[in-house]
Asks: 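To start, I am sharing the structure in question, which I have written as structure tokens.
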Number of protein chains: 2
Amino acid sequence: MEDRLFNRVKELRARKGLTQQTLAQHAGVTRQTIAAIEKGDYLPSVLLALKISDVFDLNLEDVFSIKKGWE
Amino acid sequence: MEDRLFNRVKELRARKGLTQQTLAQHAGVTRQTIAAIEKGDYLPSVLLALKISDVFDLNLEDVFSIKKGWE
DNA sequence: ACACGATGTAAAGAGTACTTAACATTATAA
DNA sequence: TTATAATGTTAAGTACTCTTTACATCGTGT
């Protein structure tokens, strides 16, 4: 049993017309960090996930969600 | 400007009558990890924060929240 | 053709989340 | 007293988040 985390950062960012750069600045991280999260390279910390959700004016659960799966 | 994260894990766990051990099992981590989070030693990942919130049947924001500060 | 903004991607290093293992204290119960 | 469950705490090690630097591609505009 392995849980994965899905996020809608790329979609929501595009919907708001934000560049990776500006989202990164608002969240206090680098552009590469945003790119890596969108790509699914790794999961953000709670702090960063909360900041990103703040930028989108959404609850964290609306941006990041657990998908339970097997193996 | 430095942001900190506060959590109500210890309070909510006590309210539910859960031990660190059982909460840890439900969240898929060790007892020491729960203890460290309650103590404020470090911040959990989003995945773990979501799992813990799940155990309490609460939104993540009701368990973990950013406190913005200066210096 | 040339420049520029946005994105994709990769690698090295710093810092941190989490595990495992250990030992200690306290409270409750047999 | 002896045992057992719950918690506090620490240390070493592994895995991962995030930064910095760098180079490449694509699309738009001049």
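Protein chains get the first letters and strands the later ones, always in sequence-line order, with residue 1 at the start of each.
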Asks: Could you check which of C:dT19, C:dT9, D:dC18 has an atom nearest any side-chain atom of B:Thr33?
Replies: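 Among C:dT19, C:dT9, D:dC18, the one nearest the side chain of B:Thr33 is C:dT19.
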Asks: Determine: side-chain N/O of A:Lys10 to OP1/OP2 of C:dG8, distance under 4.0 Å, yes or no.
Replies: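 For C:dG8, OP1 or OP2 has a side-chain N or O of A:Lys10 closer than 4.0 Å.
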Asks: Minimum heavy-atom separation for B:Leu58 to B:Leu12, with atom names?
Replies: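 Where B:Leu58 meets B:Leu12 most closely, the heavy atoms are CD1-CD1, 3.8 Å.
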Asks: Rounded to the nearest angstrom, tell me the gap between atom CG in A:Leu47 and atom P in C:dG15.
Replies: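 Spelled out: CG on A:Leu47 to P on C:dG15 is 18 Å.
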Asks: For B:Arg31 and B:Gly28, find the nucleotide of DNA chain C closest to each by heavy atoms; which residue's nucleotide sits nearer the 5' end?
Replies: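 So the residue in question is B:Gly28.
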Asks: Do the side chain of B:Asn7 and the main chain of B:Val9 share a donor and acceptor less than 3.5 angstrom apart?
Replies: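 Side chain of B:Asn7 to backbone of B:Val9: a pair is present.
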Asks: Would you say a side-chain N or O of B:Lys39 is under 4.0 Å from OP1 or OP2 of D:dT10?
Replies: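 Yes, because at least one side-chain N or O of B:Lys39 sits under 4.0 Å from OP1 or OP2 of D:dT10.
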Asks: Just the rounded figure in Å: distance from P of C:dT16 to CG of B:Leu48.
Replies: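 Answer to the nearest Å: 18 Å.
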Asks: For B:Ser45, which contact category applies under a 4.0 Å heavy-atom criterion: base, sugar-phosphate, or nothing?
Replies: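 Sugar-phosphate only.
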Asks: Choosing from C:dG8, C:dA6, D:dC18, which nucleotide comes nearest the side chain of A:Gln20?
Replies: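 Minimum distance to the A:Gln20 side chain belongs to C:dG8.
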Asks: Roughly, in whole Å, what's the span from CD1 in B:Ile37 to C1' in D:dT9?
Replies: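 To the nearest whole Å, that distance equals 16 Å.
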Asks: Evaluate the criterion side chain to side chain contact (heavy atoms under 4.5 Å, CB included) for residue pair A:Asp41 and A:Ile37; output intermediate values, then yes/no.
Replies: CA-CA 6 Å; A:Asp41 271 2; A:Ile37 290 168; over 6 Å; no
Asks: Rounding to a whole Å, what distance do you find between A:Phe64:CZ and D:dT17:P?
Replies: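 Distance check: A:Phe64 CZ to D:dT17 P gives 12 Å.
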Asks: Would you please confirm or rule out a distance under 4.0 Å between OP1 or OP2 of D:dT7 and any side-chain N or O of B:Arg13?
Replies: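 Yes, B:Arg13 has a side-chain N/O under 4.0 Å of OP1/OP2 on D:dT7.
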Asks: How many Å lie between OH on B:Tyr42 and C1' on D:dG13, as a whole number?
Replies: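 That distance rounds to 13 Å.
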Asks: Between A:Gln25 (CD) and D:dC18 (C1'), how many Å, whole number?
Replies: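 These atoms are roughly 17 Å apart.
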Asks: Round to a whole Å and report the spacing from CG of B:Leu23 to C1' of D:dT7.
Replies: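 Checked: the CG to C1' distance equals 14 Å.
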Asks: Using only modelled atom types and a 3.5 angstrom limit, is any donor from either the side chain of A:Gln32 or the base of C:dT7 paired with an acceptor on the other?
Replies: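 No such pair is found, so the answer is no.
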Asks: May I have the distance from A:Lys51 (atom NZ) to D:dT17 (atom P), rounded to whole angstrom?
Replies: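 The answer, rounded to whole Å, is 17 Å.
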Asks: Check step by step if side chain to side chain contact (heavy atoms under 4.5 Å, CB included) holds for B:Arg13 and B:Glu38.
Replies: CA-CA 10 Å; B:Arg13 180 174 61 77; B:Glu38 290 187 354; 2.6 Å; yes
Asks: Between C:dA17, D:dC18, C:dT20, which nucleotide gets closest to the side-chain atoms of B:Thr30?
Replies: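 Among C:dA17, D:dC18, C:dT20, the one nearest the side chain of B:Thr30 is C:dT20.
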Asks: Which listed nucleotide (C:dT19, D:dT19, D:dT17) is nearest to the side chain of A:Leu43?
Replies: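 Nucleotide nearest to A:Leu43's side chain: D:dT17.
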Asks: Counting N and O atoms only, with roles assigned by atom type, does the side chain of B:Gln21 sit under 3.5 Å from a partner on the main chain of B:Arg31, one being a donor and the other an acceptor?
Replies: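 No, the answer is negative, given that no donor and acceptor are paired below the 3.5 Å cut-off.
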Asks: Which residue, B:Gln21 or A:Asp41, contacts DNA chain D at a nucleotide closer to its 5' end, judged by nearest heavy atom?
Replies: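 Residue closer to the 5' terminus by nearest nucleotide: B:Gln21.
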